[in-house]
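Written below as structure tokens is the structure these notes are about.
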Amino acid sequence: MEGGLGEGEIEFLRTSYREYYYRSSSSLWIPPRLESREIGFLTFEGHFKRHMRAGTPGELVGAVLREVPWGIFYSVSYYEDPGNPDMDEKGWLGADLAFDIDVKDLHPACMDAHDFYACADGSVRPLSDGALPGCRRVDWVCPSCVEAGRREVLRLLDLLQRDLGVRPDSISIYYSGHRGFHVHVEDEGLRDLGREARAQIADYVSLSSYDPAFFARLLPISEGHLGTLVGWPARVAEALRAKYGVPPTRPALEALVGGDLRAAIDAAVAAVRVRIDPQVTVDISRIFRMPTSLNEKTGMSKLPCADIVACDPLTEAAVLSEEPVKVEVSYAPKLQLKGYTYGPYRRSTLKLPGFVAAFLVSKGVAKIVKSRGGASGP
């Protein structure tokens, strides 16, 4: 568990999650073709329960209210027998196409400013110190993290629709509840794709293997031929234009960079490639966090984003109670949720809204302060 949560913190989170799931029981997102999906629960004791099956929405909601999981997951695959614990005996019927964008892979500048190491001796160290014995990394979330992920999603959408011909109405986008986004494609024409085909899609999307000499040969001799470029060659050419301020023809670029054209193309590819976790796309046995369920790393929900441009995760995904909770915070950088700024805090005891307290507790940087009657709060 994050930071080794104590009994009081687990009790607080479990109570907060229970209240949310009871309040939202009629509006919880239900996976399409639920009866063919594997369901998984992460318990507050840190155990992962997989190979569960729910035949109806009522069964799933009932299990959630009864067990109050720390995390709720469902399979991207469809099975004849999703509850079978033997993966080879489940009877695979196909799978949605899924993509995971993790802001940590994007390395935005804000990450070095707010992520940190919390050490057993009570000290806090910056990321530049590197991992040390007795210290654990704490990943934070800020608006810049969200914007970095949003830009990557927009690139992915452009690729899926323009290059691969995926219909917009088959694509669903979700904020993960931490600092990433999930993109799911539910298209009957793609469900039968095996691991190899999905690996090829992941490779194309991320340009994980390419030959810079190939891109160099495709660059036209004259500006009038730039319109013949499509797909990745066109994107790389535009990245070169943006960096060097000249038409991205081979003569113009060679005049500027000389023999470093390959290095220039490498930099252009790095600027436009979509950074996804390829294993997520390839792994058809993976189970994904369920939309509208809570993320155990923050206490925020996995948020459906019907409009990725207008979606405001740090406001809309903070769904736990606003009732004040008294906490003792060891250290926390500035946190922006629901339009308000909290912190930074260091060795502070104060009352915070429940959704803020849940975030800090989930990160292992705050403890619940109980009153004499045993309840958290005043």
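On a predicted model such as this, the values are computed, not experimentally measured, just so you know.
Of the residues listed (Arg50, Arg53, Arg286), the one engaging Glu38 in a salt bridge (Lys or Arg N to Asp or Glu O under 4.0 Å) is Arg50, and it is the only one. When each of His114, Lys104, Lys363 is checked for a side-chain hydrogen bond (donor to acceptor under 3.5 Å, both in side chains) with Asp139, only Lys104 meets the rule.
Between the side chains of Tyr79 and Asn84, not a single donor N or O lies within less than 3.5 Å of an accepting N or O. Of the N and O atoms on the side chains of Arg37 and Tyr78, at least one donor lies less than 3.5 Å from an acceptor on the other residue. Between His225 and Ser222, the side chains place a donor N or O and an acceptor N or O closer than 3.5 Å (distance only, hydrogens not considered). A donor atom on one side chain and an acceptor atom on the other are found under 3.5 Å apart for Tyr210 and Asp266.
Taking the six-membered ring where the residue is Trp, Tyr174 and His184 present perpendicular rings, their angle passing 60° and hence far from 30°.
Under a 4.0 Å N-O distance rule, the pair Arg167/Asp169 qualifies as a salt bridge. Between Arg33 and Glu186, none of the side-chain N atoms (NZ, or NE/NH1/NH2) sits under 4.0 Å from a carboxylate O, so this pair counts as no salt bridge. We find that Arg235 and Asp158 are joined by a salt bridge, their nearest charged nitrogen and carboxylate oxygen being less than 4.0 Å apart. Note on Arg14 versus Glu45: salt bridge recorded, some NZ/NE/NH1/NH2 to OD/OE distance being below 4.0 Å.
Ile201 places a side-chain heavy atom less than 4.5 Å from the side chain of Leu193.
For the cysteine pair Cys135 and Cys119, the distance separating the two SG atoms is below 2.5 Å.
When all heavy atoms of Val146 and Phe181 are compared, the pair lying nearest together is O-CE1, 3.7 Å.
Taking the six-membered ring for Trp and the full ring otherwise, the centers of Phe44 and Tyr17 sit less than 6.0 Å from each other. Aromatic pair Tyr74/Trp29: ring centres closer than 6.0 Å. Ring-centre distance between Phe48 and Phe73: below the 6.0 Å cut-off.
A distance of 10.5 Å separates CG of Leu337 from CG of Leu352, quoted to the nearest 0.5 Å. Expressed to the nearest 0.5 Å, how far CZ of Arg198 lies from CZ of Phe99 amounts to 9.0 Å.
A chain of hydrophobic side-chain contacts below 4.5 Å, direct or via other Ile, Leu, Val, Met, Phe, Trp or Tyr residues, connects Val138 to Tyr331.
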